[in-house]
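Worksheet for the structure shown next.
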2 protein chains.
Amino acid sequence: MAITIKDVAKKAGVATSTVSRTIQDHSSISEKTKKKVRSVMEELGYQPNLAARGLVSKNMRTIGVILPVSDGTVFKNPFFLEMIRGISKACNENKYMVALASGTTQEELLESIQTMAKGGRADGFIVLYSKKNDEIIEYLHREKLFYAMIGKPYEYENEIVYVDNDNKLAGRDATNYLLALNHKKIAYINKHADQMMSAERLLGYKEALLLKGIEVNPKYILEEKMISTNQKEKIKELFISEQHPTAVVAGDDLIAMELVYLFKEFNLRIPEDISIISFNNSIFAKMVQPSLTSIDLHVAYLSEQVVEKLIDLIEGKQNLAIKVILPHEIIERKSCKLNQTAF
Amino acid sequence: MAITIKDVAKKAGVATSTVSRTIQDHSSISEKTKKKVRSVMEELGYQPNLAARGLVSKNMRTIGVILPVSDGTVFKNPFFLEMIRGISKACNENKYMVALASGTTQEELLESIQTMAKGGRADGFIVLYSKKNDEIIEYLHREKLFYAMIGKPYEYENEIVYVDNDNKLAGRDATNYLLALNHKKIAYINKHADQMMSAERLLGYKEALLLKGIEVNPKYILEEKMISTNQKEKIKELFISEQHPTAVVAGDDLIAMELVYLFKEFNLRIPEDISIISFNNSIFAKMVQPSLTSIDLHVAYLSEQVVEKLIDLIEGKQNLAIKVILPHEIIERKSCKLNQTAF
DNA sequence: CTGAAAGCGCTTACAG
DNA sequence: CTGAAAGCGCTTACAG
């Protein structure tokens, strides 16, 4: 049997309530008593039973992390690993635990969240994605649970705590970067069109063009749920023509990497014939050749910030729907080049 | 306030013990009563409080997943994401929750595990890596906690439940694959030499050569903790010579990918000049060009199996130090070719 | 087949 | 500054 507060109390010659209070470092307990109790705790190797504590204090010091429904590729993105790691680290520092909620279907995921929430298992949740018409958000919102998001919510924007980059600005900056390199015909290629991030970046792309007085050419925007063979065909069609775009803003590093290989198939060189800029600055961006100029989103900070804001919410230190917007940063590598095309 | 067993009992006109028993589907309760109680639970939206249950039953239905200390690259490997996802899925199916234990240092990680274990927060642990002289394993073992590993343990091999591939055989098969393509000069390049997997694969590589009567050339074995500039130099030295190896067994897809680019720098074509085979069959293997022939380790099954074996252990259904060895499978792509070199 | 009661290990008013 | 006691929401012998 594990050591309990009772064992400590007996050995230290005090009441259990005194032990409980020294654990919490209550100001009412004398330093002398605290010292004594602490030494006994040390000696006995006491560790508080979290279940018991949670039962009475209604606070399990646990954060549930909600992963997107794993429909193949999305979840293979190492992006999530970085987030999980960052969250885990921040939770550790705040003496919180992290519990994972996942599922292969919406229903499964929702069920998993329900047992955690109503079971008093998690004090709050972090949602790692943002997509349209999300039942999960609906549930969290309806049940008035504590939650925060990484990414800008589609609904209840003014009521949800979230941490995000300015993805519209990032899209604009990416596009401006290419514009500054004298590119005029810039494509935007992406999948996961249902994610908020993507929508915002596309908006920024359009804005940047318009601000430069360049008309948005809908043919240059290829956006789908997956890079299907179908999309490949469309990309081929676009880039095999004489008048092909000289640069592309890619939805993320993974897509950019696919494009790198695709363009090779079409005998287009990067960056000589086509410049590519992408988002995430993941391991892919560093590893492909040519290495990719990519926009770093500071995922580690993003994770740290959601955790902190959510804990503030849980502990009642702050109950406003605060938003934290982190800056991005263009990491220049070898996939972009000054455009020399005549026209 | 959330709905408790008391509310259900009152509304259903039974004792709380009866409600508790119908939740557990006790055979002693009549179907009629169960039906009544269940309908009330449904109506009230009752969800059991897991902390209370855990407090009395000493079983939180939670598995702690121990991630390796995150010293940079190791943890960027999407391999871990696949494991986490697989474990999460299997836990869901078994109505267990998964809690993450991580840390930036050994001490931090150990502390995190301790609070989970002694705090009665996790019923058992899954260790996602296997390395030499691991304090974490020492701790788990000394405290006689329930745990299982993905990968073959360095110590207590006969006392630990683990799930693994036959990495030695995988190493042999990889090497044999190249031998069958008429390669004679085969290099073995890896980092993370302190991981059990790597050691085993290297062993298999050597065995395969010896069985073919080919002497192991120590110059052909490049193994380090990281692909440092130092290792790059060594690789260059080895492959720039006239007598360079015609094939390489790479430690994993990530390393293979680095090699692909490195070889390009040296003007060596893949697979014309050099064949590469690697392990993991991750997203990298599919995406690089040329795409990599890689050994799939069935990570999803691996994860599912550890979860099941650990649960058996926790629930006392099985207390032997069972090992589960899963088969691997060579996925042929475009990085290997019949060796045409003269001799 | 069902219920009353004790107890899991904590925290927190309440009293002193 | 410290202690005795109630109670958090469950489960599980024990009795009937």
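To find a chain, count down the sequence lines: A is the first, B the second, and so on, and within it residues start at 1.
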>> Below the 4.0 Å mark, does D:dG9 have OP1 or OP2 next to a side-chain nitrogen or oxygen of B:T4?
In response: no
> What do you reckon, is CD of A:E159 surrounded by more than 12 foreign heavy atoms closer than 6.0 Å?
Replying inline: yes
> From the list C:dC1, C:dT11, D:dG3, which nucleotide is the closest neighbour of the side chain of A:A15?
Replying inline: D:dG3
> With respect to the side chain of A:T18, which nucleotide from C:dG3, D:dT2, D:dC10 is positioned closest?
Replying inline: D:dT2
>> Looking at C:dT2, I'd like to know if its phosphate oxygens (OP1 or OP2) sit under 4.0 Å from a side-chain N or O belonging to B:T33.
In response: yes
> Is the backbone N or O of A:A90 less than 3.5 Å from a side-chain atom of A:N94, with the two atoms forming a donor-acceptor pair by type?
Replying inline: yes
> Do B:I5 and B:P48 come within less than 4.5 Å of each other through their side chains, counting heavy atoms only?
Replying inline: no
> Does OH belonging to B:Y139 count more than 12 external heavy atoms closer than 6.0 Å?
Replying inline: yes
> Does the base of D:dA5 carry an N or O that pairs as donor and acceptor with the side chain of A:S17 under 3.5 Å?
Replying inline: no
> Paired with D:dG3 by Watson-Crick or G-U wobble geometry, both distances under 3.5 Å: which nucleotide is it?
Replying inline: C:dC14
>> Counting only side-chain heavy atoms from C-beta out, which of D:dG3, D:dT2, D:dC8 sits nearest to A:I29?
In response: D:dT2
>> Rounded to whole Å, how long is the line connecting atom CD1 of A:I3 with atom C1' of C:dC10?
In response: 15 Å
>> Using the side-chain heavy atoms of B:R21, tell me which of these nucleotides is nearest: D:dC14, D:dG9, C:dC10.
In response: D:dC14
>> What is the distance, to the nearest angstrom, from the NZ atom on A:K58 to the C1' atom on D:dG7?
In response: 10 Å
>> Heavy atoms from C-beta onward define the side chain here; which of D:dC10, D:dT2, C:dC10 lies closest to that of B:A52?
In response: D:dC10
> A:R61 CZ to C:dT11 C1': how many Å, rounded?
Replying inline: 15 Å
> From the list D:dG9, C:dT2, D:dT11, which nucleotide is the closest neighbour of the side chain of B:L55?
Replying inline: D:dG9
> Roughly, in whole Å, what's the span from CG in A:N49 to C1' in C:dG9?
Replying inline: 6 Å
> Quick one: B:H26 NE2 to D:dC10 C1', roughly how many Å, whole number?
Replying inline: 13 Å
>> Rounded to whole Å, please give me the gap between CG in B:N59 and P in D:dT12.
In response: 10 Å
> Taking only residues two or more places apart in sequence, or in another chain, which ones meet A:K6 in a side chain to side chain contact (heavy atoms under 4.5 Å, CB included)?
Replying inline: A:T4, A:T16
>> By nearest atom, which of the nucleotides C:dC10, C:dC1, D:dG9 is closest to the A:V56 side chain?
In response: C:dC10
>> Using 30° and 60° as the class boundaries, would you call the ring planes of B:Y156 and B:H141 parallel, tilted or perpendicular?
In response: parallel
>> From the set C:dT11, D:dT12, D:dC1, return the single nucleotide nearest to any side-chain atom of B:Q24.
In response: D:dT12
> Roughly how many Å is it from NZ in A:K6 to C1' in D:dA5, rounded to a whole number?
Replying inline: 13 Å
> Contact class for B:S30 (heavy atom, under 4.0 Å): base, sugar-phosphate, or nothing?
Replying inline: sugar-phosphate
> Within this structure, what is the CD1-to-C1' distance between A:I23 and C:dT12, rounded to whole angstrom?
Replying inline: 14 Å
